[in-house]
Amino acid sequence: MKAGFYQFNPTFSKKDKNLKMVMSVLDGADLDLLVLPEFFATGYQFTSKDEVAELSEEIPDGSTTESLSKLSRKKGFYIVAGLPERDGDNFFNSAILTGPDGFMGVYRKTHLYFEEKLYFSPGDTGFKVWDTKIGRIGIMICFDWFFPESMRALALLGADIIGHPSNLVLPYCPYSMPVRCLENRVYAITANRIGEESRKEGQSLKFIGQSQIVSPEGKILIKASEEDEDLLVAEFDPEMARNKSLNSLNNIFDDRRPEMYFLNNNPPSPPFRKGGRGGD
Ligand code: ACM
């Protein structure tokens with residue numbers, strides 16, 4: 001299969017312009033799966049709830065979801081893309097999956113980053129995987145990667161490929177994803193953005209680019225630069241992600257010992273573990 005990402009520099013609040021540009025680039029693309037960045041059509045740095053309300057859309061009835069569904073139907077490929085979602089009085093940092101039959105579903109970001117916490121509700125969908133004609137596609141959004149549980153949950157749910165819409169500002173993700181992919185034996189497509197947003201005094205956000213596709217062996221198949229707009233595509237076999245064996249005696253899923261990890265009940269509280277946020 002051919003999968004890719006489109007790394008570009010959206011202009012804040014210019015939804016029609018951003019969407020039009022993406023649609024015209026994708027219209028000429030020849031692939032099976034395309035991942036777009038987090039908040040790809042709106043920009044990232046919201047400064048008020050009013051702005052969030054103005055730029056968010058219902059899913060699947062909003063214009064962004066409708067446009068991408070239409071494009072997926074026309075071109076016959078799958079798209080994973082991030083957008084702010086309105087659901088009644090709640091707003092979520094969400095990503096949708098569309099395919100040859102149109103809209104397929106939505107994931108709401110579990111781990112909100114920094115000031116996203118001021119404007120969005122924590123996601124309530126949980127991690128989800130869709131069984132498609134090209135393989136099983138799971139979604140996580142940007143900062144979700146920082147929590148190993150995100151990709152582990154998606155891998156345990158059977159994901160072959162993880163679509164990862166992002167607006168990365170910290171430097172760590174590009175060199176960490178190979179390990180995440182290796183330890184879960186999955187493909188990941190991180191679609192980041194480029195450019196800068198300085199909509200808040202003293203809070204300039206520089207997005208780090210470096211979108212990439214990583215294999216279940218932890219190899220970077222293709223990687224974009226820090227600065228340039230790029231549509232990059234790699235060809236790979238999603239079936240590779242179904243083999244969780246390292247040798248005849250080690251299977252990374254069968255060898256897990258969850259009863260030793262305290263994941264399902266609270267671990268004993270060690271005296272050295274301090275709770276709270278910075279400064280506690
Ligand atoms: C992020 O989660 N947008 C850093």
Side-chain angles (χ1 to χ4, degrees), residues 5-13 15 18 22 35-49 51-52 55-57 59 64 80-86 90-96 106-128 138-154 162-181 188-200 202-212 214 223-224 226-227 229 277-278:
F5 53 76
Y6 180 41
Q7 168 175 298
F8 71 112
N9 185 8
T11 309
F12 188 86
S13 82
K15 206 151 78 172
N18 296 327
V22 167
V35 184
L36 290 167
E38 180 182 18
F39 292 164
F40 81 95
T42 57
Y44 179 77
Q45 197 178 28
F46 293 96
T47 61
S48 70
K49 259 241 154 103
E51 280 182 354
V52 173
L55 292 168
S56 296
E57 296 179 17
I59 295 176
T64 304
V80 175
L83 67 160
E85 178 190 2
R86 171 204 288 273
N90 287 317
F91 299 96
F92 295 97
N93 182 340
S94 297
I96 53 165
V106 61
Y107 161 72
R108 292 170 170 169
K109 187 175 186 178
T110 303
H111 306 98
L112 297 175
Y113 179 69
F114 194 46
E115 293 199 343
E116 289 170 28
K117 291 189 172 194
L118 305 181
Y119 308 124
F120 295 94
S121 301
D124 57 2
T125 54
F127 291 97
K128 293 163 82 168
I139 302 180
M140 66 177 186
I141 302 176
C142 204
F143 190 52
D144 279 331
W145 83 266
F146 217 104
F147 301 81
E149 293 87 349
S150 307
M151 275 182 71
R152 181 63 100 200
L154 287 166
I162 291 170
H164 183 206
S166 295
N167 272 195
L168 296 160
V169 289
L170 300 176
Y172 317 116
C173 183
Y175 62 78
S176 302
M177 285 304 279
V179 177
R180 289 279 182 278
C181 288
I189 305 170
T190 299
N192 194 26
R193 61 164 288 180
I194 50 172
E196 224 167 315
E197 285 185 2
S198 304
R199 307 191 63 255
K200 260 190 164 174
Q203 268 190 39
S204 176
L205 297 178
K206 168 120 180 63
F207 302 98
I208 66 165
Q210 303 173 74
S211 300
Q212 61 186 8
V214 182
K223 183 171 182 173
E226 293 177 27
E227 306 276 348
E229 181 179 330
R277 296 181 171 78

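Both ligands and their constituent atoms are indexed starting at 1 by order of listing. What you see is a predicted model, and the numbers here were worked out from it, not measured in a lab. Because only heavy atoms are used, hydrogens play no part in the values below, and waters and symmetry mates are left out as well, while side chains stay in.
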| query | Looking at ligand 1, does E116 have a heavy atom less than 4.0 Å from it? | reply | yes
| Residues two or more places apart in sequence or in another chain: which of them pass side chain to side chain contact (heavy atoms under 4.5 Å, CB included) with P84? | F39, T42, F46, S56, F120
| request: Verify the ring-centre separation between F12 and Y44: is it less than 6.0 angstrom? | output: no
Side chain or backbone of [X] under 4.0 Å from ligand 1, or both, or neither, by non-hydrogen atoms?
| X | value |
| --- | --- |
| Y44 | side chain |
| K109 | side chain |
| Y113 | side chain |

| said: Under 3.5 Å between any N/O of F143 and any N/O of ligand 1: does that happen in this structure? | reply: yes
| query | Where the side chain of N192 meets the backbone of S211, is there a donor-acceptor pair that is under 3.5 Å apart? | reply | no
| note | Among non-hydrogen protein atoms, atom 3 (N) of ligand 1 lies closest to E38 OE1, 2.9 Å
| query | What protein heavy atom sits nearest atom 1 (C) of ligand 1, and how far off is it? | reply | C142 SG, 2.9 Å
| query | Can you name the residues that form a salt bridge (charged side-chain N to carboxylate O under 4.0 Å, His left out) with R193, not counting sequence neighbours? | reply | E197
| task | With salt bridge (charged side-chain N to carboxylate O under 4.0 Å, His left out) as the test, would you mind laying out the steps for E85 and K109 before giving the verdict? | result | CA-CA 11 Å; E85 178 190 2; K109 187 175 186 178; over 6 Å; no
| Going through the distances and angles, do F207 and L168 end up as a side-chain contact (heavy atoms from CB on, under 4.5 Å)? | CA-CA 6 Å; F207 302 98; L168 296 160; over 6 Å; no
